[in-house]
Amino acid sequence: MRLNKTFIREWILPIFFLIIIGFFVIGSSPVFKTNPWVDSNAMLTMGKSMLHGLVPYRDVIDQRGPLLYALFAVGASIKGTSFSGVFFLQLVNLSVVYYLARRIAQDLKQNVISPKYAGFMGPLALVGTRAFSMSGAPEEFAFTSVLYLLYVLNHYRQRVGDIPLKTYFWLGLNLSFIFWNKYSLSGSYIVFFLWVAVELLYKKDFKKLFKIIGASLLGFLLTAAIVAIYFGLHNAFKDLINIYFVQNLTSYRQTKQSFLGQAWYLLYLMGMQLKTHFIVFIFIICGWLKAISEKKHVVIEVAMYFGAILFVCLQHWLDDYYTLIWMPFFAVALIRLLRLQKLRIAVFDKKLLAPVKILLAASLIIMPFVNNDNLYHLVVNGEKHSLNGETHQAQEQFSKIMKSDYKKPSLLMINDLDEGFFLATDILPTTPFWQKLNMNYKQLPKMYWSFEKNMRQKAVDFVIINVQAPPTSDRKTVLLQAKESIDPHLHDALLYNYKVRSVASNSHNTYYVLFEKK
């Protein structure tokens, strides 16, 4: 009985506390009407499509990794008409982050604050900045794998030669998780494995190097084999290569800059990442300085950090949620800084111990609301609008119209990502290109050819256009607004074959027009 009480106090209660926090800071939570983020909605639609036998990159096309779609498919299998299933997976992920951060605190001999409390720094680093956005990004799940790498590195005191082969197997497996999630998030792992190779080559320890390569490859290829078998059995391996690799590498956000121009732009993007989270960057530096003051090696960790930043920049674009991939370094820094001398003195004073614990708990509750201004987009259940006035009523309005005319309506989003209309209507894509990816006509012409063909043949029942100005009651004005909002190659196919059915608005600057086939 005593053991059970200890387990409850040491593990169940902290994780229960995390779950409560998750309900209020994770956009997929049942506390909210829905997760309005286009990326999360697109991933959920892709996951649901997989459950119904549609194959990514062949039957439904998006540009992220197949493992991410599989995760959302698991979430959709739990609950397919909302984000509740995805939310459950996010809570599991948050709990694993807590476990790893707690182990890091134990390895760093975090005896000033109990590891049970220091472990909260992991979840705080995950959900405590605006990089978390409204949740559901590939970076959210890759965060856990990077934190695992940092745990291994610190557990073996950054001596890569002391890491057992079985651990290298798990590191290879985690690299594979990231690679098939979104390969541009692999920077920390790539730098780590390069470091291991160079160090062992320098020592001429070829036997150990080959063993490490074998163990790591075995882990990596385990996931890769599952991916290859799935797409091979569905005769879609070529589609995987063409979209996930070729299209992303050759077209997505690509420019025709010179080599020098691209190098300058990469440095600029790296600077912007650090500027956006400058306070976090300062904390990370202070964590390294704390480790150095304790005569600990952090050079490889520093290299991994900047490797992560560099790989983010290779996407040729910077969205704030991209930076979530290097927030695990923030978690380690916070744990290190809990060992500051003044804090140690305060904790050893038993009168101050309780306030310190309360401060840590309050930080985990308050910091997401301080740093993440994306939370004001979320509509709490029972409320009509979010803090910034968004309603998300357009999805419900259009869904009722579409379902009233068709039992299973078909839909295209030709100038926007999935805004949640597929989820609200509980339908799946009926065409490979079902939403507009972030590529223009020159970068991905076949997407626009697909849109044009499907509208010209009236292969879909409805088309939704995101327009920049408030729709009016005048039909000609609405048609002009829609025409100005889409690619010129799509004008005739839309206007000749579809009619305006309804208009809607989710906020003062978010407007939609629903077109129905004539």
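The first residue of the sequence shown is numbered 1, and numbering continues consecutively from there. Computation of the quantities below employed the complete heavy-atom set of this structure, encompassing side-chain atoms and omitting hydrogens, waters and symmetry-equivalent molecules.
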Checklist entry - Is it true that the NZ or CZ of R102 lies under 6.0 Å from the centre of W11's six-membered ring and within 45 degrees of the ring axis? => result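 Because its charged atom sits under 6.0 Å from the ring centre and within 45° of the axis, R102 does stack over W11.
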Look up atom [atom1] in [X] and atom [atom2] in [Y], then write down how far apart they are to the nearest 0.5 Å.
{"X": "I19", "Y": "I26", "atom1": "CD1", "atom2": "CD1", "result": "10.0 Å"}
{"X": "Q106", "Y": "L108", "atom1": "CD", "atom2": "CG", "result": "10.5 Å"}
{"X": "I15", "Y": "S95", "atom1": "CD1", "atom2": "OG", "result": "4.5 Å"}
{"X": "H316", "Y": "L314", "atom1": "NE2", "atom2": "CG", "result": "6.5 Å"}
{"X": "I284", "Y": "I279", "atom1": "CD1", "atom2": "CD1", "result": "12.0 Å"}
{"X": "I365", "Y": "I21", "atom1": "CD1", "atom2": "CD1", "result": "4.0 Å"}

Checklist entry - If you measure from the Lys or Arg side-chain nitrogens to the Asp or Glu carboxylate oxygens, is any gap between R130 and D320 under 4.0 Å? => result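 Here R130 pairs with D320 in a salt bridge, since their nearest N and O are under 4.0 Å apart.
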Checklist entry - Any ion pair linking E301 and R336 (charged N to carboxylate O, less than 4.0 Å)? => result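 Looking at R336 and E301, the cut-off is met.
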Tell me the closest heavy-atom pair linking [X] and [Y], and the distance in Å.
{"X": "L185", "Y": "A142", "answer": "CD1-CB, 3.7 Å"}
{"X": "F23", "Y": "S29", "answer": "O-OG, 2.7 Å"}
{"X": "S145", "Y": "N174", "answer": "OG-OD1, 2.9 Å"}
{"X": "V227", "Y": "P66", "answer": "CG1-CG, 4.1 Å"}
{"X": "Q63", "Y": "I243", "answer": "CA-CG2, 4.4 Å"}
{"X": "S188", "Y": "M304", "answer": "OG-O, 3.3 Å"}

Between [X] and [Y], how do the two ring planes meet: parallel, tilted or perpendicular, split at 30° and 60°?
{"X": "F120", "Y": "F17", "value": "perpendicular"}
{"X": "F231", "Y": "Y57", "value": "tilted"}
{"X": "Y268", "Y": "Y265", "value": "parallel"}
{"X": "Y305", "Y": "F329", "value": "perpendicular"}

Would the number of heavy atoms belonging to other residues, nucleotides or ligands and lying under 6.0 Å from [atom1] of [X] be above 12?
{"X": "F237", "atom1": "CZ", "result": "no"}
{"X": "F220", "atom1": "CZ", "result": "yes"}
{"X": "F88", "atom1": "CZ", "result": "no"}
{"X": "F210", "atom1": "CZ", "result": "no"}
{"X": "F206", "atom1": "CZ", "result": "yes"}
{"X": "F306", "atom1": "CZ", "result": "yes"}

Is the backbone N or O of [Y] less than 3.5 Å from a side-chain atom of [X], with the two atoms forming a donor-acceptor pair by type?
{"X": "T276", "Y": "M272", "value": "yes"}
{"X": "K208", "Y": "G161", "value": "yes"}
{"X": "Q158", "Y": "L153", "value": "no"}
{"X": "Y69", "Y": "R64", "value": "yes"}
{"X": "S49", "Y": "T45", "value": "yes"}
{"X": "S186", "Y": "Y189", "value": "no"}
{"X": "N381", "Y": "P30", "value": "yes"}
{"X": "N440", "Y": "Q443", "value": "yes"}
{"X": "T167", "Y": "I163", "value": "no"}
{"X": "S40", "Y": "N35", "value": "no"}

Is there a donor in the side chain of [X] and an acceptor in the side chain of [Y], or the other way round, less than 3.5 Å apart?
{"X": "K182", "Y": "Q315", "answer": "yes"}
{"X": "Q90", "Y": "S28", "answer": "yes"}
{"X": "T129", "Y": "N371", "answer": "no"}
{"X": "N41", "Y": "D418", "answer": "no"}

Item to check | From CA spacing to verdict: side chain to side chain contact (heavy atoms under 4.5 Å, CB included), D239, I61 | outcome: CA-CA 9 Å; D239 300 291; I61 295 175; over 6 Å; no
Next on the checklist: Applying ring-ring contact (aromatic ring centres under 6.0 Å, His included) to W170 and Y148, what does each step give before you reach the verdict?
Outcome noted: CA-CA 9 Å; W170 290 110; Y148 173 70; 7.7 Å; no
Item to check | Which residues share a ring-ring contact (aromatic ring centres under 6.0 Å, His included) with Y244, sequence neighbours left out | outcome: Y183
Next on the checklist: Pair D62, Q435 - check side chain to side chain contact (heavy atoms under 4.5 Å, CB included), show working.
Outcome noted: CA-CA 8 Å; D62 193 78; Q435 62 171 350; 2.7 Å; yes
Checklist entry - Between F143 and N93, is a side chain to side chain contact (heavy atoms under 4.5 Å, CB included) present by the stated rule, with each step listed? => result CA-CA 9 Å; F143 179 104; N93 186 60; 5.7 Å; no
Checklist entry - Should L324 and E140 be marked as a side chain to side chain contact (heavy atoms under 4.5 Å, CB included) after you check the CA-CA gap, both sets of side-chain angles, and the distance that decides it? => result CA-CA 7 Å; L324 189 61; E140 179 180 346; 4.1 Å; yes
Checklist entry - Given the rule in the side chain to side chain donor-acceptor pair (under 3.5 Å) test, do H377 and E390 qualify, once you have shown the distances and angles that lead to the verdict? => result CA-CA 6 Å; H377 292 284; E390 295 183 12; 2.7 Å; yes
Item to check | T323: side-chain hydrogen bond (donor to acceptor under 3.5 Å, both in side chains) partners, not counting sequence neighbours | outcome: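 For T323 the side-chain hydrogen bond (donor to acceptor under 3.5 Å, both in side chains) partners, ignoring immediate neighbours, are H277.
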